[in-house]
Amino acid sequence: MVRLFVRHNVAEYAAWRKVYDAFDPQRRPMGVTAGAVYQALDNPNDVTVWHDFPTREQAEAFMTSEALRNAIQEAGVQGSPTIWITREA
C-alpha cells in the first residue's frame, strides 16, 4: 500500500469540498482504497488530502489523470499543490 498526500490552497473550502465529494465515484475505480481531508487550523482554505492505493503506479496514474485535472480546476484549487507519495515503514 502507498499513501499519496496532496496539500493545496483553495479559493473557498465549502465549494472545494462539494467538488471533492462529487468526485468520489471516480476515485474508487482509479484505485483509491481510503482517504481523508484535513484543514489547517489557522486557514480553512489550506487543505491536505491523503489517499491510499495498492501500488505507486496507481497513485501516479491518478495524479496525472485528466479527470482529476478537471476536478481540480472546477474545485478552485489555487497555485501548485505540494505532492508526496509514501509507504509505511
Side-chain angles (χ1 to χ4, degrees):
M1 184 216 46
V2 298
R3 182 163 286 173
L4 168 72
F5 289 91
V6 179
R7 182 179 181 193
H8 52 259
N9 288 302
V10 300
E12 191 222 330
Y13 177 78
W16 174 87
R17 187 62 191 238
K18 185 175 179 180
V19 174
Y20 176 85
D21 290 343
F23 193 68
D24 189 55
Q26 294 182 57
R27 276 193 296 275
R28 302 296 173 193
M30 298 170 85
V32 176
T33 60
V37 175
Y38 297 87
Q39 292 174 285
L41 293 175
D42 297 334
N43 179 1
N45 294 321
D46 179 352
V47 179
T48 299
V49 178
W50 65 259
H51 292 112
D52 287 343
F53 295 83
T55 68
R56 178 183 188 159
E57 292 77 19
Q58 287 174 301
E60 290 171 344
F62 175 80
M63 286 307 305
T64 59
S65 73
E66 184 176 343
L68 182 62
R69 269 194 308 276
N70 293 339
I72 286 171
Q73 280 187 317
E74 181 183 348
V77 172
Q78 300 179 322
S80 296
T82 301
I83 301 168
W84 64 104
I85 299 174
T86 65
R87 65 178 168 83
E88 191 170 352

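Atom CE of Met1 sits about 12.5 Å away from atom CD of Gln58, to the nearest 0.5 Å. In this structure, Gln73 CD and Leu68 CG are separated by 10.5 Å, a value rounded to the nearest 0.5 Å.
Partners of Arg17 according to the side-chain hydrogen bond (donor to acceptor under 3.5 Å, both in side chains) rule, which considers only residues two or more places apart in sequence or in another chain, are Tyr13, Asp21. Remark: Glu60 engages Arg56 in a salt bridge (Lys or Arg N to Asp or Glu O under 4.0 Å) (not counting sequence neighbours). For the salt bridge (Lys or Arg N to Asp or Glu O under 4.0 Å) test, residues two or more places apart in sequence or in another chain that qualify with Arg28 are Asp24. A search for side-chain hydrogen bond (donor to acceptor under 3.5 Å, both in side chains) contacts involving Thr33 returns nothing, not counting sequence neighbours. Evaluation of the salt bridge (Lys or Arg N to Asp or Glu O under 4.0 Å) rule for Arg7 yields Asp46 as partners, not counting sequence neighbours.
Side-chain atoms of Glu74 and Phe23, non-hydrogen and from C-beta on, never get closer than 4.5 Å to each other. Side-chain atoms of Arg27 and Tyr20, non-hydrogen and from C-beta on, do get closer than 4.5 Å to each other. Side-chain contact check for Val32 versus Leu4: every heavy-atom pair is 4.5 Å or farther apart.
Nearest heavy-atom pair, Pro54 versus Gly31, reported as atom, atom and distance to 0.1 Å: CD-O, 3.2 Å.
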Note to self: What verdict does the side chain to side chain contact (heavy atoms under 4.5 Å, CB included) test give for Met63 and Val6, after you've listed the backbone C-alpha separation in whole Å, the side-chain angles of each residue and the deciding distance to 0.1 Å?
What the structure shows: CA-CA 10 Å; Met63 286 307 305; Val6 179; 4.0 Å; yes
Item checked: Verdict with reasoning, Asn9 to Asn43, per side chain to side chain contact (heavy atoms under 4.5 Å, CB included) -> CA-CA 9 Å; Asn9 288 302; Asn43 179 1; 4.1 Å; yes
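Legend: ring-ring contact (aromatic ring centres under 6.0 Å, His included) pairs involving residues 68-89, not counting sequence neighbours, sorted by first then second residue: Phe5-Trp84.
Both Ile83 and Phe62 belong to a common hydrophobic cluster when Ile, Leu, Val, Met, Phe, Trp and Tyr are linked at side-chain heavy-atom distances under 4.5 angstrom. Under a hydrophobic-cluster definition in which Ile, Leu, Val, Met, Phe, Trp and Tyr are linked whenever side-chain heavy atoms come within less than 4.5 Å, directly or via other members, Ile72 and Val10 are assigned to the same cluster.
A donor-acceptor pair under 3.5 Å is formed between the side chain of Thr86 and the backbone N or O of Arg3.
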